[in-house]
Amino acid sequence: MEHEIFKDLNDAQKHAVRQIDGPLLILAGAGSGKTKTITSRLAYLLEEVGVPPSQTLTLTFTNKAAKEMRERALKMITTTSYPPLLCTFHKFGLLFLKFHIHLLNRDNNFVVIDNDDRKRIIKKINSDIPTPLIGSEISRYKNSLISPTEAYAQAELKNYKQIAKIYEEYEHYLLENNLVDFDDLLALTYKILDENDDLAQETSNKYRYIMIDEYQDTNEIQLKLLQKLCTTHHNICVVGDDDQSIYGWRGAHIRNILEFHQDFQNAQIVKLEKNYRSTQKILNVANALIEHNRSRLGKTLQSTRHEGTDVITIKSDHENEESKKIAAYITELLNSGERASEIAVLYRINALSRSLEEGLNRAGISYRLVGGLRFYDRAEIKDMISYLRVITNHHDNFSIKRIINKPKRGIGKATVEKLELASIRHETSIFSLIDTLSLNELEAIVRKKNAATLKTFVKNIKAVTLIANSSTYDFIDALEAMFTIRDIYANTPDAMEKTANIDEFYGMFRDFVIANPDAGLDEFLNDITLQSEQDEVEGESIYIMSIHASKGLEFKHTFIIGLEEGFLPLLGDGSNIEEERRLGYVSFTRAKDTLTLSHVSSRFYKGRRTDLQKSRFFNEAGLCEGSLKLEQHTAFKKGDLVRHKIFGAGRIIGVSKSGREFKLSINFGGNKREILASFVERL
DNA sequence: ATGATAACAGTTTTT
DNA sequence: CTGTTATCAT
């Protein structure tokens, strides 16, 4: 008798679940039941094999994926009492560092900073080189385990010598303030394991069965970390799809999945090629496209569903016509009863959303733009977080500078500068400086009026800190009462939205306190720094988003706009045609029932109109001229009311095909006529 | 200290 | 055409 775990699995999936010893690569095509396989495998390990949950480790990239897997795995697990460790790479790093960072002579009350914080630190240090470049270079160094000294030594250009210097100062600043950035969560974890062989053995022994999701997105340091975790065994199972590797530009190494068998000897490979999502016609197009890539392991998706309808191509003169047509299609789908949440429009670059949004607005279609600015990246939320940080750690100079003039207290740049200089001279933090100095002494440093303001500010922070330590629940109200944070944005154009976000944050804080009654502010802070909000609300709106943001999602009706040379594929320095092709592949394989591809002859972009060629991906996907479908093919159906310029209003009594066009039989008040679809408009 | 204007750059984004 | 940042008066 087979265990219940295997009930709904196909042969390849079963094989992947049972193969538990030694390295295993599960090459999971789009829509092939990847999550089901990985969660079943985890359940199998715990329930059937009897591995204690504490001996397994499952790592993902996003909190969303971790959450989904946890929920699905827990449903299958009945016999074990405590849950297995299933989290993001970074969360794992955080947990590890909490226990072991003392091996680097650091205190475990460190604070995790995000990229925005990093930018501010760099900006403070640096003078002339553009900040974004420095941030990404530092990140690259850290992910390649290159120290500032090494970076300096190997830099040839003057600029890079300078970047290496900034990198050094940046690291110094982090150390000084006991801060840890996202890269450190992995890099320091690796460093500790690398320098402490005993601990590496111990940790590897602890996690005897390791699974990694989205392996094609791993980078250099993640691979090295995994190799450390596999010091004493080789039970590593990675799941991924080389054809869906679309994050090369942010350091993901597709070679990790392509060369898995070399990094981990005697690796087995299981291909999941049965696709439960899309119709065969959609898969044919996707398969044909991706076959043009050379760097791939190779697989062909096979639909378990029906043949389906042809992939549709829309050609337009310009972006306004494009969005008008897309909107017309969508209106038609909605009118025929399709749920809005089953419809999505995807694009390669966010800039294309504007004309699309206009078209949707004009047609009265409500949409939800996925992605955009994330909750925790919004200025007002960052202000909130800074307040909390200052309260947990009064010496957090970095955060105190952000809030010292929010709401406005008349403390400007000059005053902050004076404070900072004085705090360095006194070898103390800005907070302590204001706190310990007498009013008179402070007045010698800053203006008289400001000295009093600063004294009050510090006094209030101390008062709120007392409340935080006695009752986390009452704290948040006390904070708002004391500092009127909601007033910061009161007189800005989007005050409503900002205050709503702050209220949302307060709500989240209360939820956290209820869920974790014994936790302190610091736990809340480190938790949310690693979190990104995911809108999962399914509403009355269709979805529009970038192709990157669509990865992992599926829609019954999927539209892709901007299929032109220069947009998809996006061309330019640093562009990689194979990765562009994978983006095309990812976008095509989001579609369940219908896939509609749109391209234009010219587009307005960066302030100028440019003539465009249609994307080479049409030909590569086998969609040549002859297979083009004329737009509006199902725009009209029997019973619809339409208007003709000459005959006026009438009702459709029949639809037939005439060459490429659709011919309508229309009853104009008793007068029956055959009219081509393009000569009438819907009423 | 703060608001107004000029100059400028401009895929994709999670933790 | 946009949004962001640097600089300059007030």
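Reminder, nothing fancy here: chain letters follow the sequence lines and each chain counts from 1.
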Can you tell if the side chain of A:H292 reaches within under 4.5 Å of the side chain of A:I577, non-hydrogen atoms only?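 A:H292 does not reach A:I577 side chain to side chain.
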
Side chains of A:Y215 and A:V239 in contact at under 4.5 Å (non-hydrogen atoms):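 They are not in side-chain contact.
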
Per [X] side chain, nearest of listed nucleotides [options]:
X	options	answer
A:N115	B:dT13, B:dT15, B:dT12	B:dT15
A:A414	B:dA1, B:dG3, B:dT13	B:dA1
A:H548	B:dT15, B:dT11, B:dT12	B:dT12
A:W249	B:dT13, B:dG3, B:dT15	B:dT13

Donor-acceptor pair, side chain of A:D184 and main chain of A:A187, under 3.5 angstrom: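 No; zero donor-acceptor contacts below 3.5 Å.
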
I'd like to know if the side chain of A:S323 and the backbone of A:S355 have a donor-acceptor N/O pair within less than 3.5 Å.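 A pair under 3.5 Å: yes.
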
With a 4.0 Å cut-off on heavy atoms, is A:D181 in touch with a base, just the backbone sugar-phosphate, or nothing at all?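 Result for A:D181 = nothing.
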
Tell me what A:F567 touches on the nucleic acid: a base, only sugar-phosphate, or nothing, going by heavy atoms under 4.0 Å.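 If one applies the 4.0 Å heavy-atom cut-off, A:F567 turns out to touch nothing in the nucleic acid.
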
Between A:Y489 and A:D383: side-chain donor-acceptor atoms closer than 3.5 Å: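 Yes, because at least one side-chain N or O of A:Y489 sits under 3.5 Å from a partner of the opposite role on A:D383.
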
State whether a side-chain donor-acceptor pair under 3.5 Å links A:S139 with A:D183.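 Yes, A:D183 and A:S139 have a side-chain donor paired with an acceptor closer than 3.5 Å.
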
Residue-phosphate contact under 4.0 Å: [X] side-chain N/O, [N] OP1/OP2:
X	N	value
A:N405	B:dT2	yes
A:N350	B:dT13	yes
A:Y347	B:dT11	no
A:S546	B:dT13	yes

Between [atom2] on [N] and [atom1] on [X], what's the gap in Å once rounded to a whole number?
X	N	atom1	atom2	value
A:K551	B:dT12	NZ	P	17 Å
A:N63	B:dT14	CG	P	11 Å
A:I212	B:dT15	CD1	C1'	15 Å
A:D217	B:dT12	CG	P	18 Å
A:L583	B:dT12	CG	C1'	7 Å
A:R348	B:dT11	CZ	C1'	5 Å
A:Q222	B:dT15	CD	P	12 Å
A:D573	B:dG10	CG	P	10 Å

Tell me which of A:T88 and A:I246 sits closer to the 5' end of DNA chain B, going by the nucleotide each one is nearest to.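 Looking at the nearest nucleotide for each, A:I246 comes out on the 5' side.
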
Toward the 5' end of DNA chain B, by each residue's nearest nucleotide, A:E580 or A:F61: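 In this pair, the answer is A:E580.
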
B:dT13 versus C:dT4 - spacing of their P atoms, nearest Å: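 Those two atoms are separated by 15 Å.
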
Could you write nucleotides 1-10 of chain C as a row of B, S and -, 5' to 3', where a protein heavy atom under 4.0 Å of any base atom gives B, of only sugar-phosphate atoms gives S, and otherwise -? BSS--S----

As a test of the definition: with a 90° window around 0 for syn, would you call B:dT12 syn or anti?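 That one's anti.
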
Is A:R250 positioned over the aromatic face of A:Y247, cation under 6.0 angstrom from the ring centre and no more than 45 degrees off axis?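 A:R250 over A:Y247 ring: yes.
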
I'd like to check the side chain to side chain donor-acceptor pair (under 3.5 Å) partners of A:S295; sequence neighbours left out, ordered by chain and number.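 Testing A:S295 for side chain to side chain donor-acceptor pair (under 3.5 Å), a comparison that skips the adjacent residues, returns none.
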
